[in-house]
Asker: 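Submitted below is the structure of interest, expressed as structure tokens.
Quick caveat: nothing in here was measured; it's all calculated off a predicted structure. Below, read A as the first sequence line, B as the second, and so on, with proteins coming before strands; counting in each chain starts at 1.
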Amino acid sequence: MVQWKRTHSCGQVDRSLVDQEITLNGWVNRRRDHGGVIFVDLRDRDGLVQIVFNPDLLAQELFALAERLRSEFVLSVTGKVVMRPEGQENKAMKTGEVEVLITDFKVLSEAKTPPFPIDRDVDVDENIRLKYRYLDLRRNDLQECIKLRHKAVSIIRDFLNENGFYEIETPMLTKSTPEGARDYIVPSRVHPGNFYALPQSPQMFKQLLMLAGFERYYQIARCFRDEDLRADRQPEFTQVDIEMSFVDREDIIEIMEKMIIEVFEQCRGVKIPTPIPRMSYQEAMDRFGSDRPDTRFEMELKDVGENLKDSGFKVFSETIKNGGVVRGINAKGCGATFARREIDQLVEMASSWGAKGLIWMVIGETVKSPVAKFLTENEISSIVEALGGEEGDLLLLVADSFEVTSVVLGRLRLFLGNKLGLIDENKLNFLWVVDWPLLEYDEEEKRYVAVHHPFTAPLDSDVDILETEPGKVRAKAYDLVLNGTELGGGSVRISHSELQERMFKVLGFSSEQIQEQFGFLIEAYRYGAPPHAGIAFGLDRIIMLLAGRSTIRDVIAFPKTASATDLMVEAPGNVSPRQLQELNLIIKS
RNA sequence: GGAGCCGUAGUGUAGAUGGUUAACACGCCAGCCUGUCAAGCUGGAGAUCGCGGGUUCGAGUCCCGUCGGUUCCGCCA
């Protein structure tokens with residue numbers, strides 16, 4: 001065989017090719033050797049097709065060669081497409097009504113037996129999968145995930161290109177800035193003792209591109225954050241980064257909503273109702289105890305403190321007097337079904353999340369609760385009423401600051417929603433969370449820090465209290481949430497250097513620090529800045545949700561482990577003394 | 001930084017309360033087999049039970065430490 005290049009792909013072969021001679025390239029997915037006839041499922045990225053080695057159709061030495069084929073050998077095969085014999089179609093296979101009778105073939109590459117099955121989707125230890133990632137990626141599951149990622153990115157690029165966005169790259173070697181996550185830093189050879197930082201996001205550059213007059217920018221941007229990992233967090237990840245000039249919040253929300261819906265509708269084949277609902281940050285915290293509420297089920301948080309401020313039960317009355325709240329959720333029916341052990345588990349979880357305690361009430365013929373004896377009948381019935389309690393329900397109460405009650409009850413709500421099967425997995429509940437607080441007080445640093453980032457504009461109505469009541473200022477910020485996961489977030493940016501300087505001062509920067517860290521940015525805004533706003537989406541998370549996976553590792557071709565290593569290339573690794581010397585670095589111990 | 005779970009042939013698992021030769025399936029190797037598609041039948045090889053220490057007459061099993069994977073908390077503007 002001289003010519004080995006394929007004329008068709010495996011997954012394409014169908015009845016329209018019957019009687020044609022075709023050439024296929026691919027991997028041996030599985031072989032079935034009957035001693036006489038040998039069946040092989042040949043695999044390429046488009047799918048599988050059955051090829052048949054029949055001793056009656058093949059030269060003797062070629063058939064002998066066919067008998068030596070094993071899993072993952074790479075072949076070029078030539079043969080005639082035929083309909084399978086009556087009754088031998090394989091309905092489970094896309095190409096199952098045809099097969100290819102091989103008349104000539106070539107082994108392009110032999111293969112060792114793989115360390116885990118590639119032809120079946122069995123769970124394999126992640127250690128081995130990551131070490132042999134290139135083999136894991138051959139498996140159907142991950143092939144589909146990576147294919148889907150490409151499709152989604154294509155849709156996003158097409159959408160943005162059609163809407164006048166320019167794709168522009170920004171530096172990977174940039175400068176460490178004080179706010180935000182821990183940076184990955186890169187030593188400079190030319191400037192001993194100085195370091196670049198890898199970007200946590202292209203935030204400042206995209207704003208400068210607006211100042212530069214490009215008006216609409218996007219980038220499928222790799223971002224780096226040296227923080228501990230999670231199932232949905234990798235040290236390097238990808239953002240769909242977007243910025244627009246001469247727009248306000250409504251413009252961004254409108255066009256981004258269109259883009260995301262297009263991605264989900266095309267990739268999932270569903271219809272998503274528009275517009276996507278909106279909720280203020282405050283309402284989200286009030287009702288769901290979360291800034292990214294999962295609205296697929298109820299069990300909302302309720303303030304039950306109304307009639308408790310004078311309660312003889314000090315936990316309630318003191319908390320309220322000190323500016324705290326008493327809030328609760330109603331685990332419908334769980335009073336009747338939960339064992340004491342299960343309730344104790346909830347109490348334990350609540351305390352691990354920072355609650356001083358979790359008060360439960362089981363509604364039976366009377367209300368059973370460890371604190372019942374401290375409460376009047378009126379107080380109990382007002383709590384039950386506030387939570388819509390009925391016989392058989394389990395009420396869970398936390399008395400603490402608004403923040404603590406939100407965290408604890410919000411998490412309990414999610415835990416119970418999962419445990420009780422209240423979540424309809426087919427739902428796609430999108431939600432815009434708007435009017436975020438601009439700043440929050442950081443107890444550790446003893447100063448206000450930006451909730452979003454320091455370039456986020458305050459609501460016009462709140463600008464006046466920026467210095468006097470920083471904690472009350474709301475921001476022109478918005479997050480897009482899907483089923484309780486943050487897909488992305490953005491804001492209208494501060495486009496006047498005076499306001500930007502005020503913002504930095506509120507964050508506790510001295511004039512000198514502002515000049516040193518952000519001087520170029522303040523200066524830039526003095527040369528004519530268009531109003532602009534932007535957003536960034538977590539691409540990996542979007543693909544994860546599209547693919548119905550539970551970790552972004554499945555949608556990243558070469559992900560890292562929970563300890564931020566790459567088990568295949570064994571990164572991070574040592575460098576030579578010479579490299580260290582060139583960089584003027586000394587490793588301590 | 002903290003907590004939980006996991007680690008037994010190549011892969012997935014079993015191995016109550018410590019007991020003699022560590023079991024099963026798939027895969028692999030060999031033989032048979034001309035219509036299978038998770039092909040079948042017969043036979044075979046393959047495990048220092050993650051690693052180190054301890055308790056014990058005896059440890060895959062109990063204890064301590066350690067390494068790796070994973071999940072969560074902290075952290076992630």
Asker: Can you see if the side chain of A/Thr565 gets near the phosphate of B/G69 - specifically, an N or O under 4.0 Å from OP1 or OP2?
Answerer: yes

Asker: Starting at CG of A/Leu101 and ending at C1' of B/U36, how long is that distance when rounded to a whole Å?
Answerer: 14 Å

Asker: Heavy atoms under 4.0 Å, any strand shown: does A/Thr456 hit a base, just sugar-phosphate, or nothing?
Answerer: nothing

Asker: Tell me what A/Asn54 touches on the nucleic acid: a base, only sugar-phosphate, or nothing, going by heavy atoms under 4.0 Å.
Answerer: base

Asker: Only pairs with both distances under 3.5 Å count, Watson-Crick or wobble alike; so what is the partner of B/C49 in this structure?
Answerer: none

Asker: Given A/Glu72, which of A/Arg30, A/Arg43, A/Lys112 fulfils the salt bridge (charged side-chain N to carboxylate O under 4.0 Å, His left out) condition?
Answerer: A/Arg43

Asker: Record whether the side chain of A/Glu99 comes under 3.5 Å of the base of B/G35 through a donor-acceptor pair of N or O atoms.
Answerer: yes

Asker: Can you tabulate the close N/O pairs, meaning under 3.5 Å, that link protein atoms to atoms of nucleotides 11-13 of chain B?
Answerer:
{"from": "B/G12", "atom 1": "OP1", "to": "A/Asp125", "atom 2": "N", "distance (Å)": "2.6"}

Asker: Compute both the distance and the angle, then confirm whether A/Arg413 meets the cation-pi test with A/Phe297: under 6.0 Å from the six-membered ring centre, within 45 degrees of the axis.
Answerer: yes

Asker: By the 4.0 Å heavy-atom rule, please label A/Glu348 as base, sugar-phosphate, or nothing.
Answerer: nothing

Asker: For nucleotides B/U61 and B/A16, find the distance between their P atoms and express it as a whole number of Å.
Answerer: 11 Å

Asker: Does the side chain of A/Arg230 get closer than 4.0 angstrom to OP1 or OP2 of B/C73 through an N or O atom?
Answerer: yes

Asker: Taking the P atom of each, how far is B/U8 from B/U13, in whole Å?
Answerer: 9 Å

Asker: What's the gap between B/A14 and B/A25 when it is taken at their P atoms, as a whole Å value?
Answerer: 16 Å

Asker: Report yes or no: is there a donor-acceptor pair, N or O only, under 3.5 Å between the side chain of A/Arg411 and the base of B/C72?
Answerer: no

Asker: Does A/Lys419 make a cation-pi contact with A/Phe338, if we ask for NZ or CZ under 6.0 Å from the ring centre and within 45° of the axis?
Answerer: yes

Asker: Is the ring of A/His34 stacked on the base of B/A39, with centres less than 5.5 Å apart and planes under 30° off?
Answerer: yes

Asker: Find the partner of B/A23: check Watson-Crick (N1-N3 plus N6-O4 or O6-N4) and G-U wobble (N1-O2, O6-N3) distances, both under 3.5 Å, and reply none if neither fits.
Answerer: B/U13

Asker: Report which part of the nucleic acid A/Arg120 touches: base, sugar-phosphate, or nothing (heavy-atom distance under 4.0 Å, all strands).
Answerer: base

Asker: Should the ring pair A/Tyr525 and A/His532 be called parallel, tilted or perpendicular, given that the plane angle runs from 0 to 90° and is split at 30 and 60?
Answerer: parallel

Asker: Under 3.5 Å for both donor-acceptor distances, Watson-Crick or wobble: does B/U70 have a partner, and if so which one?
Answerer: B/G4

Asker: In Watson-Crick or G-U wobble terms, both distances under 3.5 Å, what is the partner of B/C76?
Answerer: none

Asker: To the nearest Å, give me how far apart CZ (A/Phe415) and C1' (B/C73) are.
Answerer: 15 Å

Asker: Answer yes or no: side-chain N or O of A/Asp228 and base N or O of B/G74 forming a donor-acceptor pair under 3.5 Å.
Answerer: yes

Asker: Pick the C1' atom in B/U48 and in B/C29, then give their distance to the nearest Å.
Answerer: 24 Å

Asker: Using a cut-off of 4.0 Å on non-hydrogen atoms, how would the nucleic acid contact of A/Arg129 be classed: base, sugar-phosphate, or nothing?
Answerer: nothing

Asker: Grab the CD-C1' distance between A/Glu444 and B/G74 for me, whole Å please.
Answerer: 10 Å

Asker: Using Watson-Crick or G-U wobble geometry with both distances below 3.5 Å, tell me the partner of B/U56, or none.
Answerer: none

